[in-house]
Amino acid sequence: MTYNPLHLLPLPPQSIDPKPVPTTIEFDSFSDTLWLGTSSGTVTALCTPLSLTRNVQFPAHGARSNLPSANGFMGGALLGMGMGMNMGVKEIRITDRDVWTLAEGGIGGRMRGGRAKWTVSDPTRSLRTMTPNPTNSHEVLAGGNGQMILANTSRGEIVRRIESNEASIVKMAPSSSNRAVLSASLSGQINLLDPRTAYKSLNTIIPVQAHTGGLSGADVQGNLVCTWGWTHMQGHPMPDPLVKIYDIRTLRPLPPISFPAGPAFALLHPTDPSKLVISSQQGMLQSVDMSGGSAASTFQQLDVNSYVTSMALSPRGDYLAFGDADGHLHLWTQYDTGETAQLDENGQMVLPTFNGYEGIKPEWPDQADTLPPIVWEETTPLNLIGMPYYSEALLSNFPPDLYATEFSPFYNPPLPVPTTVLNSMKMVDFVGYATTPKELKGKRYVIPSRPGAGKNVNNTTNGHSLSGRRDSEPRFRSEKDKKNKQSKKPNRRNSTDDRDEAEEGDGEIPKYYRKVEIKYSKFGIEDFDFEYYNRTTYSGLETDILNSYTNALLQAIHYILPIRKVATAHICVDCKKEHCLLCEAGFLFRMLEDAKGRNCQASNFSRAFSATPQASALGLMDDNDKSTAPYGSLIQNFNRWLLSTFSNESIVEGDTFNVRTKSIGDLSLDKEKNTVSAIDQVLGLQIKTTNTCRSCGFVSARDTTLHAVDLIHPKKTTVPVKFDDLLRSSIFRENTTKAVCSNCKSFTPLDSKRSFSPDLQNPLPPILSVNTMMNSSELYEHWKTDKSSDRFLQPIVTLEGNDTEKSEYEVKSLVVQIQEDENTPAHLVSFVKVPGEENEPTNETGMATESNWIMFNDFLVRQVTEDEVFTFPGQWKVPSVIILQRIDTDSLLDLSGLPKSIDPSVLLKDVSIAWNRRNALIKHTVFTPSELPTPGTLVAIDAEFVALQQEEMEFRSDGTKNILRPSHMSLARVSVLRGQGEKEGVPFIDDYIHTSETVVDYLTEFSGIKAGDLDPNNSPHTLVPLKVAYKKLRLLVDLGCIFIGHGLAKDFRTINIFIPSEQVMDTVHIFTIPGRQRKLSLKFLAWYLLKKDIQTNSHDSIEDSKFALLLYKLYREYVERDDDGDEFRALMDNVFNEGHKLGFKPPAERPASPSSNPTAFPPLRAQNTSASTFSPSANTNAITTNTNTTSTSTPNTPRQPRSRKSSNKNTHNSNGNNNNSNSTSNQSSWSGNNEEQGGNGNGNGSSNGNAGRGRGRGRGKAQGQGQGPSQTQSRSQRSTP
């Protein structure tokens, strides 16, 4: 085993280390790459043994060159050359995904391309070695001087610090045989550490003292470990001439290898454990074959002028790399490199890769495009030639005013700085400062343009601009409202002609086919104007979620009535599967039904889809939204897998729905001991496949269920092919394959034939799902057509079953791929034929005169013609999935027996999956059967969320920022309170939501959720899966409950549920002034109106929902007392005036409220049908209602806020409060005496002299008039709340 020189590569100097030295070398087992760590703290990847081309270079985390020193400068720059070796990279480990680097100050993980993924810093101790945790692939153990550290590579943090029995560890490596970690210490001892006992020594293994004078290094391969170090002779240390070898399983010593020159490196062969390579510090190399005895050893002298600093063997042992102290990297190989070297046809040397196979290909930057050649003609513009650098002024640099006047459309220079500013300006550090003159006050940051500048008023024809551009519509609602307010013109979005003009593209592809993207303003995604893209009553799906390519197929399936009915009925049964796609599809279909044109998103479906291991294994995940991969093939694979998954999930505990009519179901589907799922009854093809052996004639048969038909296109033929015939031949498939016959056991041709099961009387299902399998441009020629009569796919398809029985199918939906060219990202669009409206105009044949086809391009929805659906003008529009429905579906299926409502018992059960739930933390009481809600029942709701993905944002050079993707939030807690009845204000739902995904931020300050609250093993709260909590909310919506809360739009959006506006009472929209963008916080409203301090430490969903309920009750008091809304408008004016003074936040220095604890609030009593009043009680700090009549538990049906005068105007009851009571009351019930706040009372008696009835307008003085003595307060007597 000899090695020949191949490469000598000098390392380039670095700014912090003029002469870097290779400190560690590692061959990549997964790629043709050699990784090199240097004394300057850099890591370099060198590719291919023939060239050693540098691929990527990055600094290692924890090297002293990257650690700041105490004085703020880089420590590596101050250490000098003498400390170069201490700054270097100590160890490199390569995994199948990452590159781990270790330096003295920490560990880091990067992708092969160099992007940092995680870092762990520990500059207090010098790290020397690291090893992956053999029991957890996401953890790495590092050691050096003192404690060992255990770091998590997913989160980039130190999990644990482990005390070590040895002061310094030289080498650590995993042991696959006993799942332990080998530890070789500086003292010369070798030990095995057990991860299961906090890395204590294995009880069955006794540590071994390998070298008495200390250990220099160790190498591990398989079950062997070799060590080298120091020994003592006559009391003096000297290099140990023996390389010790041990069996790592028991630390049993094996015969050592003698190396008189003194070993500095010893490397076990990666593939042959009997071979060993030993090198001295001066470059004496010995290759040892322990199976052949001493005669099998060979000696070589390495070409080094100084000493060897590092050494490594390739994964197959055919390459040897080492570095020397002169800053050179040497690469030697076992293959011939001289005249006998193997050459290719071009005369180039042929060498295998470092890792021995193709492996992972290194990533290379894109090559810069070469500049096109300039063809010099008379009309060639001079600006095609780059301008060189000149130190003097050019002749062409004449003043701009000679060619660009102030009225020029091409030039608008900035206005000069006024003389008054220049005269008073003072220069400080090259920056001028001046006070604003009086004539410029009020005009700061405003630069008026000159008349006519930037406008070409003459470049028009017939009043239209020649550029063809028009004023684009606002992208956000806030901009739209601002534009309409400024122009005082009606919204142009209501004009269909204007919309069509905007959507007409300049090229071949219509504009509405192009990929649509959501833009984000400072107000969030809720500000995006989705209505501009959809003016129909059919809801689109948003794209800002993972795997949004499934939107098109979900829309296509949603409008297939039998599948939608089965899915929505499935959510009514007790399905135990946490990530059930059929349940999530049913919830999504219900949301699309209720939304009626409002945009929705399939976030919960995407979450369940991403959590399915089979989907990831089949490659159905789409991680790159900019990918140019063909989505047509991906959606067909997803369609095939999704329908099969629906079929399995529709059987719950061995039972399923029977949707076939009795006459057909009794004959074909309801067989004994054979449960056919409801999805199979709708779209399953019962197929019988027979295989006939040509050798022995043996016939084998098997029955299968086909959920999607893959079209098999014929080979090149001159005969025109019809879609009907192609579909039949794809179902009744006949082919020949070679396989092993189960009868004669010979490898012989088998004739395979597929047909319908003979037991079925009517084998063609009501629904057919077809994958077009369009994977080449030649196949597209069958589809391409310009005339409707020659279309390959017709609206009606005829299919023959058994015994020449024909059935007609109607095309109900299509999914097509849109891709302008192969270099642009593709996306999917679906076409759906929706049911026609009643009294729809028809022609003489009874066909509808208007098209019922709707196109769904994610959230862009519009009506299209039938010709446009079935016409494929070019390869930018390729069909992928076609869903057909039999004309006689009504006679085959009976959907009337499917359940339509969720079992109300889910609200009566207290379910929790937490193992350690503490009864003291249970704050809710579930409903009793008598408390089940009825239409109009009030409930208060609030939710808390955690972040699963941080917000992606780009910052521009001008300081502005643009949100690329919002943060991905997940429901973490939902609380629902009773809004009426005896237990008003008592929660009946307080569920924490279990999530199996990684939480990047618990948002504890805003959510109150802490680490461990969502973990079943650690959570002390009521913990449920997301589907359980969602089903409760879905049931409350179906029962007609009215939800009260603050900022519910965003909560419902994140929960992914749609609630009709008539069932929502949002105090954000109630307590506001129309036309103002400012939305008041719940904390400010509670402090100003209710005199309560909330959210003092963190948010609590029960507290927030309770105070939202109190605010709504306060609003109802004003509405019932004053139908005109004058009081409420005056109150809201006071709220906003005070809010402007305080920044819409409660002041920091304020007296404490009477009770900041929300539990001090007793439940609000039910409102009466008579005009009830709002009277705070002085003794209980609560808000109660006193009326003259007997109160009942059934409240009035809440009225929506009026949008003209008082409806949307939000009342604030801090200053000028109107308290109305028919009994003697103490007016000092809020916080202090009401006399100090300008409040007025109405009573039949007198108390504290202010029992008269009056009204306080604004913050002025109040008037008292009534039966008792009245008292008014002046401005000077009121106190700020």
Side-chain angles (χ1 to χ4, degrees), residues 136 138 152 154-157 544-548 571 575-585 587-588 591 601-616 621 623 906 910-918 921 924 941-952 965-976 989-1034 1050-1057 1098-1102:
N136 189 342
H138 295 288
N152 187 292
S154 299
R155 302 191 299 268
E157 61 184 20
D544 61 337
I545 59 174
L546 294 176
N547 302 305
S548 61
I571 66 177
C575 177
K576 303 295 185 182
K577 186 177 180 181
E578 180 177 359
H579 301 295
C580 178
L581 293 181
L582 188 57
C583 282
E584 298 300 341
F587 290 131
L588 176 63
M591 182 168 56
Q601 60 176 182
S603 56
N604 287 352
F605 180 90
S606 175
R607 181 178 180 178
F609 172 53
S610 302
T612 307
Q614 296 87 345
S616 179
M621 299 298 175
D623 299 330
V906 299
D910 188 12
V911 181
S912 177
I913 61 175
W915 292 95
N916 302 310
R917 185 169 72 152
R918 295 168 55 185
L921 297 180
H924 67 286
I941 185 173
D942 190 69
E944 308 293 350
F945 306 93
V946 294
L948 302 182
Q949 180 181 349
Q950 295 288 7
E951 185 179 67
E952 296 181 13
R965 186 187 295 271
S967 58
H968 182 198
M969 310 295 289
S970 176
L971 179 65
R973 183 187 180 188
V974 58
S975 301
V976 188
I989 295 177
D990 185 28
D991 292 340
Y992 286 73
I993 312 302
H994 168 249
T995 176
S996 57
E997 300 175 85
T998 302
V999 178
V1000 299
D1001 192 352
Y1002 285 94
L1003 304 173
T1004 305
E1005 180 183 357
F1006 308 101
S1007 66
I1009 307 297
K1010 302 177 182 178
D1013 288 349
L1014 310 183
D1015 185 2
N1017 298 321
N1018 302 321
S1019 178
H1021 307 285
T1022 302
L1023 191 67
V1024 300
L1026 175 63
K1027 188 172 71 172
V1028 174
Y1030 191 95
K1031 185 175 286 189
K1032 294 179 183 179
L1033 299 180
R1034 180 72 258 179
K1050 192 171 184 179
D1051 290 354
F1052 291 151
R1053 172 185 174 81
T1054 309
I1055 297 173
N1056 198 22
I1057 190 172
S1098 64
H1099 288 236
D1100 182 84
S1101 53
I1102 294 181

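Values in this document were obtained by computation on a predicted structure and should not be read as measured data.
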Rounded to the nearest 0.5 Å, how far apart are [atom1] of [X] and [atom2] of [Y]?
X: Asn547; Y: Phe609; atom1: CG; atom2: CZ; result: 5.0 Å
X: Leu971; Y: Ser1007; atom1: CG; atom2: OG; result: 11.0 Å
X: Ile1057; Y: Asn604; atom1: CD1; atom2: CG; result: 9.5 Å
X: Ile1102; Y: Ile989; atom1: CD1; atom2: CD1; result: 11.5 Å
X: Gln950; Y: Asp1001; atom1: CD; atom2: CG; result: 5.5 Å
X: Lys1031; Y: Cys575; atom1: NZ; atom2: SG; result: 7.0 Å

What is the minimum heavy-atom distance between [X] and [Y], and which atoms define it?
X: Leu1003; Y: Ala947; value: CD1-N, 4.2 Å
X: Glu997; Y: Leu948; value: OE2-CD1, 3.5 Å
X: Leu1023; Y: Asp1013; value: CD1-O, 3.7 Å
X: Ile993; Y: Val974; value: CD1-CG1, 4.4 Å
X: Leu1033; Y: Ile941; value: CD2-CD1, 4.0 Å
X: Met621; Y: Ser610; value: CE-CA, 3.4 Å

Partner set under ring pair (Phe, Tyr, Trp, His ring centres under 6.0 Å) for Tyr1002, not counting sequence neighbours: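 Here no residue qualifies.
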Residues in side chain to side chain contact (heavy atoms under 4.5 Å, CB included) with Glu1005, at least two apart?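 Side chain to side chain contact (heavy atoms under 4.5 Å, CB included) list for Glu1005, sorted by chain: empty.
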Kindly write out the residues that satisfy salt bridge (charged side-chain N to carboxylate O under 4.0 Å, His left out) with [X], not counting sequence neighbours, or none if the list is empty.
X: Lys1010; result: none
X: Glu157; result: Arg155
X: Asp910; result: Arg917
X: Asp1051; result: none

Quick one: side-chain hydrogen bond (donor to acceptor under 3.5 Å, both in side chains) partners of [X], sequence neighbours excluded?
X: Ser1101; value: Arg973, Ser975
X: Lys1032; value: Asp991
X: Asp1015; value: Asn1018
X: Thr995; value: Arg607

Look only at the side chain of [X] and the backbone of [Y], and say whether a donor-acceptor pair between them is shorter than 3.5 Å.
X: Ser606; Y: Leu546; answer: yes
X: Lys577; Y: Cys583; answer: no
X: Ser616; Y: Thr612; answer: no

Inter- and intrachain pairs under salt bridge (charged side-chain N to carboxylate O under 4.0 Å, His left out), touching residues 941-951, at least two apart: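 For residues 941-951, and leaving out neighbouring residues, there are no salt bridge (charged side-chain N to carboxylate O under 4.0 Å, His left out) pairs at all.
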Applying ring pair (Phe, Tyr, Trp, His ring centres under 6.0 Å), which residue pairs with at least one partner in residues 1008-1034 are found, sequence neighbours left out?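 Of all non-adjacent pairs touching residues 1008-1034, those that pass ring pair (Phe, Tyr, Trp, His ring centres under 6.0 Å) are Phe587-Tyr1030, Tyr992-His1021.
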Set out, in order, the CA-CA distance, both residues' side-chain angles and the distance that settles side chain to side chain contact (heavy atoms under 4.5 Å, CB included) for Phe945 and Ile1055, then state yes or no. CA-CA 9 Å; Phe945 306 93; Ile1055 297 173; 4.1 Å; yes
Using side-chain heavy atoms (C-beta onward) and a distance below 4.5 Å, is Glu584 in contact with His579?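 Of all side-chain heavy-atom pairs linking His579 with Glu584, none is under 4.5 Å.
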